[in-house]
Amino acid sequence: VVSTLKDSTGHIAAVKLNLKVEGEDVFNIVLDKNGEKLGTEMDGRWVEVIGEISVRGDEKWLEVKSYQKKVEERLLQ
């Protein structure tokens, strides 16, 4: 599930991807063009993301290459 945090002016401050199905991993999303688009379009939705993972300290980061809504969510609508 995508979780988008905005600052007091309404700009995206952070985007996180919570992998509740595969444990409790949380990935911070790199806020480049694709990361901001993910946060804007998919906040609160289950998504399938393709990207590059990196580790900075004890945090996991994901640079988004592409994404789409999860099939299960599309079937529920």
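These numbers were taken from a predicted model, which means no experiment stands behind them.
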J.: Look at the side-chain heavy atoms of Ile, Leu, Val, Met, Phe, Trp and Tyr, link any pair under 4.5 Å apart, and say whether I53 and L38 land in one connected group.
T.: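 Yes; tracing contacts between hydrophobic side chains, which count when under 4.5 Å, links both residues.
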J.: Please tell me whether L19 and V15 are part of a single hydrophobic cluster in this structure, the criterion being side-chain heavy atoms less than 4.5 Å apart.
T.: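 Result: yes, single cluster for both.
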J.: If you compare all heavy atoms of R56 against all heavy atoms of V30, which two are closest, and at what distance to 0.1 Å?
T.: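 Heavy atoms of R56 and V30 come nearest at NH2-CG2, 4.0 Å.
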J.: Hey, could you give me the OG/CD distance between S54 and E59, rounded to the nearest 0.5 Å?
T.: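 Interatomic distance, S54 OG to E59 CD, rounded to 0.5 Å: 10.5 Å.
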J.: Measuring from atom CD1 of I12 to atom CD1 of I29, what distance do you get when rounded to the nearest 0.5 angstrom?
T.: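 The CD1 atom of I29 is 11.0 Å from CD1 of I12, to the nearest 0.5 Å.
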J.: If you round to the nearest 0.5 Å, how far is NZ of K16 from OG1 of T4?
T.: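 The distance works out to 11.5 Å.
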J.: Give the C-alpha distance, both sets of side-chain angles, the deciding distance and a yes or no for side chain to side chain contact (heavy atoms under 4.5 Å, CB included) between K65 and E52.
T.: CA-CA 8 Å; K65 300 298 182 189; E52 287 187 32; 3.6 Å; yes
J.: Look up atom CD in Q68 and atom CD in E41, then write down how far apart they are to the nearest 0.5 Å.
T.: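 With rounding to 0.5 Å, CD (Q68) is 12.5 Å from CD (E41).
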J.: Is there a side-chain contact between Y67 and M42 in this structure, where contact means two heavy atoms from C-beta onward sitting under 4.5 Å apart?
T.: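 With C-beta onward as the side chain, the pair touches.
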J.: Step by step, work out the side chain to side chain contact (heavy atoms under 4.5 Å, CB included) result for N28 and K60.
T.: CA-CA 6 Å; N28 297 296; K60 297 175 192 164; 6.0 Å; no
J.: Under 4.5 Å between side-chain heavy atoms, counting indirect links through other Ile/Leu/Val/Met/Phe/Trp/Tyr residues: same cluster for V64 and W61 or not?
T.: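 They do not share one cluster, since no chain of ILVMFWY contacts under 4.5 Å joins V64 to W61.
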J.: Which atom pair, heavy atoms only, marks the closest approach of L31 to E36?
T.: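 In this case the closest contact between L31 and E36 is O-OE2, 3.7 Å.
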J.: Do V49 and L62 make a side-chain contact, defined as non-hydrogen atoms from C-beta onward lying under 4.5 Å apart?
T.: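 With C-beta onward as the side chain, the pair touches.
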